[in-house]
Each structure stands twice: as C-alpha cells, then as structure tokens.
Amino acid sequence: MKLFVSEGNPHCLKVLAALEVTGVQCGVQTVSHEEKVVPFLSRPALPALLLPSGQYLFSSNAICRYFFEANGQECNNLCNQWLEWETTVLQPALLQTLHMAVLQGKGSEASKVLQSPLNVLDQSLSKGNMSYLTGEAVSVADVVLWGTLHPVLSDSPSLRFLLAVFYHESVRTWFDRVAALHSCQSAAQKVLQGKGLQAMKSYVQKQPAPPSSQCRDAQPCNSSPAEEGERVVSEEEMEAAVNTWSKGLNSTSLAADKQHPILPQEGKRNVLVTSALPYVNNVPHLGNIIGCVLSADVFSRYGRLRGWNVLFVCGTDEYGTATENKAREEGLTPQQICDKYHAVHASIYKWFQIDFDFFGRTTTEKQTEIAQDIFWRLHQNEYLVEDTVEQLRCEKCQRFLADRFVEGMCPHCSYPEARGDQCDKCGRLINAVELREPQCKVCRQTPVIRSSKHLFLDLPKLESQLEQWLDKSTSSGDWTLNAKQITRSWIRDGLKPRCITRDLQWGTPVPHPDFREKVFYVWFDAPIGYLSITANYTKEWEKWWKNPHQVELYNFMAKDNVPFHSVVFPCSLLGAQDNYTLVNHLVATEYLNYEDTKFSKSRGVGVFGDMAKDTGIPSDVWRFYLLYVRPEGQDSAFSWADMALKNNSELLNNLGNFINRAGMFVTKFFEGCVPVMDLQREDKKLLALVGWELQQYIQLMDKVKIRDALKHILNISRHGNQYIQVNEPWKKIKEGDPERQRAGTVTGVSVNIACLLSVMLFPYMPAVSQTIRDQLNAPQSCIDTMLQGTGTFVCSLSAGHRIGTVSPLFQKLEADQIEALKKRFGGQQVFDVYNV
Amino acid sequence: MALRELASLEKYLGLKKPNKYSTQGDKKIPVLQNNSPPLVGLVTIACHLVKESNHQELLGDTADSRAVVQQWLEYRLTRLDIYTKEDIKTVLKDLNLYLQDKVFLAGNHVTLADILIYYGLHPIIVDLAVQEKEEYVNVTRWFDHIQHHPGIRHHLPPVVVLRNRIYTSRHR
C-alpha cells in the first residue's frame with residue numbers, strides 16, 4: 001500500500017492528517033503534480049492511494065474513509081451527509097476561491113464565494129452543539145472538512161483579509177479544535193511548509209478553471225445576474241457619477257404626508273394599485289401575504305418615491321357560502337362574522353406595515369349599487385343569457401348545496417369520496433348532479449335534484465372584444481409571464497358562458513324580478529369590490545375607474561386568481577360599456593410553500609397571520625425575507641433556517657454591518673460630523689459602481705421585478721464593505737494628515753452611501769429605512785431626490801453635517817431560537833445545508 | 001430525477017413499502033422523510049437504503065472494494081451531475097480505460113456504484129452515436145450488462161447497443 005502526494009496540493013492535507021490520526025501503516029511518496037500515478041485517468045489526480053489489492057483510489061475523501069475504516073471507525077449517516085455536502089458544495093466553492101485568490105488576485109471577490117457555505121456550516125455547528133461534526137469524537141468528516149478549509153481559515157496573514165468581513169464563531173471554534181490535533185498540524189507543515197496561499201500557486205495553476213456550474217436538471221440557479229464579478233467602469237461613467245454627486249439635494253420636496261383623497265392629476269403618472277381581496281374568513285398565511293398585499297405595498301411605496309401619483313386600495317372579500325357556514329357554526333350573523341374577521345385582517349396587515357390608502361370591505365351599499373349597475377348594463381346590452389340549471393338541494397338543511405358541500409361516488413372511476421366539482425382520485429371535473437349516491441356533507445342526507453333558473457355572462461359573445469383588448473394590454477403592459485400563459489390557455493380551451501348567480505342569501509342581491517332570492521356569484525361580484533371600495537374612499541371614484549386614458553391599473557395576485565382578473569372581470573366591464581379602466585399590468589406570483597410542504601391551518605403547519613408577530617422577529621425582517629424569496633417565475637419555499645441565514649448574512653453582516661460602521665466612524669473619529677471628502681480616482685469608481693447598481697434597481701422595480709431589485713441593494717452595501725475594508729480608515733485616522741484626510745473621505749462617502757441605501761430600502765423595510773435616516777439625521781428631501789430619473793446618487797450629507805446617535809440595526813437570529821420556532825410551526829429539517 | 005432513482009433503487013432492493021421523500025434547496029437535493037432525523041443527499045440515502053434492506057454486499061465485500069465503491073459514488077456526484085462537453089469526453093475515456101479488464105466497477109459483482117453510475121450515465125449514453133458507442137466499447141459493454149441486470153433498469157428506457165462492430169479501428 002502506498003500513498004502518493006504532491007507539494008502545495010491542498011487535497012493532500014486531509015489524507016496525510018487522516019493517515020496520522022488513524023495510525024495506519026502506509027508508505028508515503030512525494031511526486032510532482034504532473035505525475036500520472038493512476039493509470040486509467042487522462043488528467044493526473046493526486047493524492048492517490050495504491051491499495052493492497054492493486055487497485056487505485058484517486059478520491060481524497062475515499063482515501064480518508066479507507067484509513068478510518070481500517071482503524072475501526074466507519075462512517076454513519078450524519079458523517080455521510082457531511083461528506084456528500086463537502087464534495088458537492090464546499091469543495092467546488094473552495095477551488096473557485098483558491099483560483100480567484102491565488103491566480104486572479106481577486107481576494108475580496110473570492111471571499112464572496114465562500115460566504116454561503118461557511119454560513120451554512122456555522123449555523124449547523126452552533127445548532128448541533130457537539131465538539132465535532134458527528135459527536136464528541138473526531139470522525140473522517142472532521143478531518144476532511146478541516147483539510148478542505150485549512151487553506152482559507154488558517155492563520156496566515158495573506159489569508160486573513162479573505163474572511164475579515166464575515167466572522168463565523170462556531171466554525172472558528174470547531175476549526176481551531178481540529179487544527180490543534182497533532183496530525184493536522186504535521187500534515188499542514190508537510191504540504192504547505194508555512195508558506196500559506198503562495199505554496200499552492202503552482203498546484204492551482206495546473207488545475208483547469210472551475211466549471212461554471214452547468215446544472216444538468218436545467219433548474220435556473222438562484223443567483224441573480226446582479227451577483228456577477230466586478231464591473232469595469234469607464235471614464236465617462238466616473239465623470240457622470242461625480243457630476244451627479246455634486247448636484248446635491250433637490251430644494252423642492254414632496255409633501256410629507258399624503259393628502260386624501262388621492263385623485264388622478266394632469267401631467268402626472270397616475271397609478272392605481274390593487275391587491276387581490278383576501279377572503280375574510282381565512283386567516284392569511286405568509287404565502288397569501290407575499291403573493292398579494294406585500295408585493296403591492298412594495299410597489300406602491302416605490303411608486304410614491306418615484307413621484308408617481310399612487311392610489312393603493314384593498315379590502316376583505318366578505319360574501320359567499322363559507323361566511324354563511326361560519327356564521328352558523330359560531331352562532332352569529334354573517335355580518336358579525338365579517339366585522340370580527342375584517343378587524344383581524346386589518347390588524348395583521350398593519351403589523352406588516354402595509355400602507356394601504358384605504359382598506360375596505362365588499363359588504364357595503366356602494367357594492368350593491370355598482371354591481372347592480374353593471375348587471376343592468378350587461379342585461380341591456382344583451383350580454384346575459386338565461387338558463388335552467390339542475391342543482392342538488394338538501395331539503396333538511398333547506399338550501400341548495402355548493403359543490404364543496406356534496407360528496408358522492410365518482411361517475412367515472414367509482415371513487416367513493418368524490419367532491420361535487422372534481423374527483424380527487426381520477427381528477428376529472430364533474431358536475432355535482434352526476435355524482436352517484438350523493439350526500440350533503442353537513443347532515444349526510446341525500447339531496448334532491450331541483451331545477452333553478454340562472455343568469456350567465458355570455459363570454460363567447462364578448463370574446464373578440466376581449467381578445468382585442470388583451471392583445472393591446474399584454475403587449476404594452478408589464479404582465480408576468482405566468483399571467484399571460486394562464487390567460488392564453490383559458491381562452492384556447494374555449495370560453496363558455498359563466499353562471500353569475502347563485503341560490504344563496506349572503507351576497508349582493510340580483511335586482512332582476514325573475515331572479516329574486518338569488519345573489520351574485522362571488523367571482524362576478526368580488527372584483528367589483530375594487531370599485532366599490534374605492535367608492536367608499538372617495539365620491540370621485542369614477543376618476544380612477546372610468547378613466548383608462550389617464551390611469552394605469554396594476555393588479556397584484558397569486559396565479560390562481562389570474563383567469564378571473566384577465567378574462568371574466570374584464571368581460572363584465574367591457575360588456576357594461578361604461579369606459580371602465582381595465583388592467584394594464586397583471587402581476588401574479590407563484591406559490592410559496594412552507595419548508596418542504598404546504599401551509600395547512602388544519603394540520604397546524606406554517607405561519608399564519610398574527611403568529612409572525614409572536615415570534616419576536618421584527619416586521620421588517622419578515623418583509624425582507626418574504627420579498628427575498630418572492631415566488632416569481634417558479635414556486636419557492638419559506639424556510640426557517642434560510643430566514644435565519646439571510647438575516648445573519650445579508651442583514652446583519654452585510655447591510656447592517658456597513659451602515660453601522662460608516663456611522664460609527666463619523667461618531668468616533670470625526671466628532672459626529674461628516675468630514676471633508678476629497679474624491680480620488682478610487683472613490684469616483686465607487687460612485688460610478690453604486691450609481692450603476694441604483695440604475696439597475698430602478699429599471700427592475702419599474703418592471704415590478706421586486707426580488708431582483710433587492711439584490712442590487714445588497715450589492716451596494718457589499719461594495720461599501722469592501723471599500724472600507726480596503727481603505728482601513730480606523731488605522732489611517734491614527735496616522736499623519738494625508739492619511740487622516742483619506743480616512744475622512746472614505747468615511748464621508750460611506751455614510752452617504754448609507755443614506756442612499758436607506759432610500760432604496762424604504763419600499764422593502766420602511767421602519768429600518770426611517771431608523772437609518774434618523775440615525776444619520778438625514779434631510780427629508782433625500783427621499784425625494786435619489787430615485788428620480790434613472791437614479792440620482794447625490795451627496796446628501798455634506799461636510800459638516802451633524803449626524804444623530806448610531807446603533808446596530810439588526811440582531812442575530814440564533815440557531816436555538818430558530819429550532820424552537822421550527823418545532824412550533826411544524827416541519828422537521830435537521831440537516832439543512834443545501835438551502836442556500 | 002434523484003427521486004426517481006431512489007424509487008427504482010427501493011424496488012431493486014425489494015423494499016416493500018416505498019419511503020416518503022421531499023427535496024431541499026434549488027438543486028432539489030433529495031430528502032428521506034421517513035427517517036428520524038430525515039436524511040439528506042442522494043448517495044447518503046442510497047447507502048442507507050442498502051443497509052436497511054440487508055444488502056450490504058452492494059457496498060463492497062472487502063475493505064478495498066468498499067473504498068472503491070465510495071469513490072465511484074462520489075464520482076457520480078462530482079463528475080456526472082455537473083459537466084461540460086469536454087468533461088464528458090474525459091469521463092468516457094477514463095471509464096473506458098478503467099473498465100478494460102473489469103466486469104463491474106468494484107469487486108466481482110454488482111454494487112451500488114454500478115447502479116448509480118448507470119443511472120447517471122444513462123442520459124449521456126442515450127445521446128451517443130453508434131461510432132461513439134464503439135469508441136468507448138468497454139463502457140458500452142458494461143452499460144449493456146448493467147441495464148440488463150434483473151431489477152435495475154426500472155424507470156429508464158433501454159439503450160440499444162449493437163453487438164456487431166460496424167466501425168473497426170482500421171477505418172478510422
């Protein structure tokens with residue numbers, strides 16, 4: 001048996017350490033990097049182990065496993081999990097880091113690559129609370145991970161800058177513990193001979209460039225284009241940035257408080273924003289919140305900063321069978337139920353800082369008035385058809401049964417628990433009357449079939465008008481892709497007349513004498529709620545809703561609501577022929593899952609409504625995380641571990657760290673006053689870089705790419721951290737005058753960037769945004785200036801400006817806190833290392 | 001993809017009741033939910049299933065062959081799940097040379113290494129032209145052997161491998 005190693009080869013660290021720790025008898029031979037030891041490999045692979053059987057091992061991890069097994073230490077499941085993660089996540093990240101740091105000299109860029117795996121490792125270690133990765137004894141996992149991380153975590157000065165920005169306490173403790181082992185020390189000595197990164201240069205040079213991770217399963221990787229390497233900045237860009245910077249703040253500022261009622265204004269961009277009306281009976285969960293109100297809120301806040309004239313309305317959708325039933329259950333009237341739950345919704349959204357201009361309800365006189373008006377117009381214009389429908393009626397409960405209240409045997413596959421509209425087993429759509437052996441779900445009696453006259457909206461008759469309008473709207477507006485696709489497929493399937501009446505009591509009454517005792521079907525009625533809610537806000541609601549040439553309408557919703565907003569409701573309005581404002585931009589999200597499953601109130605899985613408040617985690621942090629994982633383009637998942645990770649790495653270590661440091665330097669070194677800034681080339685380059693990120697942010701937010709825009713905020717603070725790190729103002733302040741001047745410039749520029757960040761953050765984290773501005777004592781007009789045009793990064797805090805008291809913005813989310821929360825809200829995930 | 005492999009593996013191992021799975025992260029790393037605590041990672045889960053079903057021989061009979069099995073399992077993760085066009089040529093070349101004198105990847109019977117490498121190579125072999133299949137004749141031979149091995153090829157379509165060589169090295 002013989003082990004072949006080469007000098008300065010980081011993979012040899014682990015095998016040499018493993019060999020010594022386990023005490024296995026084996027000869028060691030040092031060869032050159034190019035030596036082809038393993039006969040069947042095209043590229044030389046070292047280290048390599050020649051086994052007694054004559055076989056070769058070319059995987060350093062397999063070699064370590066072999067030694068440990070020879071010593072009686074087999075790998076258990078947890079150990080295997082660590083090794084699999086090391087192989088697929090950590091090693092590639094490390095190799096890329098070495099490549100960037102050693103060959104390209106991009107030290108600080110390199111540290112970015114490792115940030116994520118190290119955060120994950122840190123989380124897991126502090127959560128596990130064991131001395132080593134798999135328990136209280138050293139296992140092959142410890143030696144392998146130590147070997148991989150040694151090149152960047154060991155104490156060589158040339159490496160220290162790599163990870164100065166992010167300090168991982170648990171990783172450091174564990175690492176030092178393993179590194180202290182004699183076997184590790186001697187392995188390090190043999191391979192690197194005290195020369196740190198440079199010792200590995202010749203090895204790294206001979207390796208192929210790290211792959212650009214072409215994942216086979218064609219899943220779009222989570223890193224946005226915003227996270228690519230350093231941009232090259234041109235001379236013109238730098239000049240332009242400095243020009244803008246010196247312009248300073250606008251003297252005119254937007255009104256501090258909104259003047260209600262907000263009405264469209266000539267010469268301004270009038271933007272009407274709605275969020276899908278939440279059903280009053282259901283307590284909203286995180287998925288509902290990000291899909292609708294939170295997304296709309298971010299966009300509305302942004303719009304106001306951009307100087308648009310924005311009206312943001314929403315409210316609770318209160319009619320329907322569910323409320324009727326709940327009322328029966330709780331022994332209250334439907335109106336009382338709605339009053340009770342409307343207040344619950346309102347308070348939840350208030351906690352989330354949703355800044356509605358008006359949050360109303362659908363159970364008002366205005367609703368009846370407007371809905372009946374639209375109804376009569378449709379009737380007059382002959383877009384309604386009458387038909388008789390056969391429905392199941394429960395004589396005992398004295399009512400017609402809604403689809404979900406009937407259960408029976410599927411007529412196609414004989415599944416005994418088919419629901420009234422769809423069979424859960426074979427998935428076919430059915431009509432409740434087709435069910436065999438139907439039963440009323442409430443009282444279990446067999447319902448009878450009764451005929452009932454109903455009115456139908458003649459969608460086929462409106463189809464060509466609809467298509468004409470859709471073509472214009474989808475091509476000129478910012479519809480999300482899923483909204484366009486869902487709409488197209490609905491139309492392709494063929495539009496059929498849709499029933500707009502129901503035999504219920506709790507709803508908007510149908511005014512037609514032949515249809516007394518009936519109410520409007522909720523999907524005809526509810527979207528009219530947008531109009532009636534606005535009518536309850538202002539008498540002049542028609543200036544918004546019958547004004548398509550002056551108003552741009554944005555509808556925010558989750559994808560399941562799309563067909564009603566893109567087909568049914570527009571048809572109602574088109575048929576009514578009253579110059580209604582139709583949706584210009586339909587923004588639909590995909591689904592947010594909870595951990596690896598779905599939210600479920602009945603199973604107690606997921607975070608609902610006011611539970612978020614009870615966690616002690618601030619509203620802004622919740623907003624940040626939900627927006628970070630906003631399901632655009634595909635479903636995403638809420639994960640506690642991931643929320644803690646993003647809070648600790650992005651908010652605390654990145655954003656909070658930068659803003660706090662900038663303010664602290666002003667306080668500590670410049671007596672609380674912004675110092676004189678004498679811009680050098682490097683500073684101008686930074687201004688240009690920041691200006692570019694700001695430009696991207698604005699372009700993305702204009703197109704409602706909320707999640708992508710957020711990344712640019714984080715990029716700016718990353719640039720800021722690097723800028724401080726490289727210039728070391730805390731050192732320069734103690735030196736002679738020219739260095740002190742430099743420290744002053746760096747500090748001044750940093751604190752101005754912090755001010756810009758507070759403005760960009762306002763749509764996402766309003767409270768934090770205000771706190772930053774309070775701490776910096778920033779003038780009110782900065783909020784109006786910086787998002788104008790394509791981005792206007794000006795010097796808002798000039799030399800001599802006195803700032804306020806600076807204190808940390810964010811708190812670390814500890815692993816035990818997260819574990820406890822996870823248990824509380826369901827969902828078990830112990831080895832959570834791939835959620836990055 | 002990984003979930004289907006694990007389902008096929010369960011069938012091969014004769015596990016009566018299928019386990020519950022989910023995924024983690026963007027790359028959809030498989031998670032075995034039935035276990036306490038849940039297990040994460042394709043290879044980790046596969047090894048666990050093998051041990052659970054009392055088929056330890058699939059992980060290797062001797063210390064040496066066990067190490068070789070682990071090596072090829074790791075190879076599946078690092079060289080077959082993420083690759084570029086150039087990488088694939090290297091992989092096929094190396095495997096071809098390795099399999100020159102071997103019937104199985106490790107030891108002298110089927111192991112988990114053969115199974116997971118087979119699953120991982122399938123999409124590549126499916127796309128190979130007849131010429132290429134003959135160039136990598138040992139890989140093709142091994143592949144054909146494994147895909148016909150009872151119980152392995154559950155969720156994957158068979159790849160046609162010609163027995164008679166059309167292109168002999170003389171005509172290259």
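Order of the sequence lines fixes the chain letters, A, B, ..., with proteins taken first and strands second; residue numbering starts at 1 for each chain. If you're wondering where the values come from, they're calculated on a predicted model, not measured in any experiment.
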Top of B:Cys47, B:Ala67, B:Ala106 for chain A proximity - count of heavy-atom pairs under 4.5 angstrom: B:Ala67
statement: Note: vs chain A, highest number of non-hydrogen pairs under 4.5 angstrom among B:Thr62, B:Leu97, B:Ile29, B:Thr90 is B:Ile29
message: Need one label for A:Pro52: side chain, backbone, both or neither, based on atoms under 4.5 Å from any heavy atom in chain B.
response: both
- line: Distance col, row B:Ile45:CD1 vs A:Asn77:CG, nearest 0.5 angstrom, shows 9.5 Å
A:Gln81 side-chain N/O to B:Val40 backbone N/O, donor-acceptor pair under 3.5 Å: yes
- line: One should read off an interatomic distance between A:Tyr66 OH and B:Arg66 CZ, to the nearest 0.5 angstrom, of 9.5 Å
query: What distance do B:Arg76 atom CZ and A:Thr88 atom OG1 have between them, rounded to the nearest 0.5 Å?
result: 12.0 Å
- prompt: For B:Asn108, does the CG atom sit with more than 12 other heavy atoms under 6.0 Å from it, leaving out its own atoms?
  reply: no
Residue A:Thr87 versus chain B: region with a heavy atom under 4.5 Å: both
message: Working to the nearest 0.5 angstrom, can you tell me the gap between A:Ser639 OG and B:Gln24 CD?
response: 7.5 Å
task: First locate atom CG of B:Leu73, then atom CG of A:Leu83, and finally report the distance between them rounded to the nearest 0.5 Å.
output: 12.0 Å
message: Within a 6.0 Å radius of atom NZ on B:Lys20, are there more than 12 heavy atoms belonging to other residues, nucleotides or ligands?
response: no
- request: Give a yes or no answer on whether the side chain of B:Gln71 reaches the backbone of A:Ser59 with a donor-acceptor pair at less than 3.5 Å.
  value: yes
field: B:Lys89, part contacting chain A, at a heavy-atom distance under 4.5 Å
entry: neither
query: At what distance, to the nearest 0.5 angstrom, does CD of A:Glu86 lie from CD of B:Glu74?
result: 7.5 Å
- request: May I ask you to test the A:Phe40-B:Asn96 pair for a side-chain heavy-atom distance under 4.5 Å?
  value: no
- request: Decide whether B:Thr44 and A:Glu84 meet the rule of one side-chain donor and one side-chain acceptor closer than 3.5 Å.
  value: yes
task: Side-chain contact test, heavy atoms from C-beta onward, threshold under 4.5 Å: evaluate it for B:Val68 versus A:Leu57 and give yes or no.
output: yes
statement: Counting heavy-atom pairs under 4.5 angstrom with chain A, the leader among B:Val69, B:Thr78, B:Leu77 is B:Leu77
message: Is A:Tyr56 in contact with chain B via its backbone, its side chain, both, or neither, using a 4.5 Å heavy-atom distance?
response: backbone
message: Quick check on A:Gln25: does its CD atom have over 12 non-hydrogen neighbours (other residues, nucleotides or ligands) under 6.0 Å away?
response: no
message: So which atom in B:Asp64 and which in A:Ser53 form the shortest heavy-atom distance, rounded to 0.1 Å?
response: OD2-OG, 2.7 Å
field: chain A contacts, top residue of B:Leu99, B:Val43, B:Asn35 (heavy-atom pairs, under 4.5 Å)
entry: B:Val43
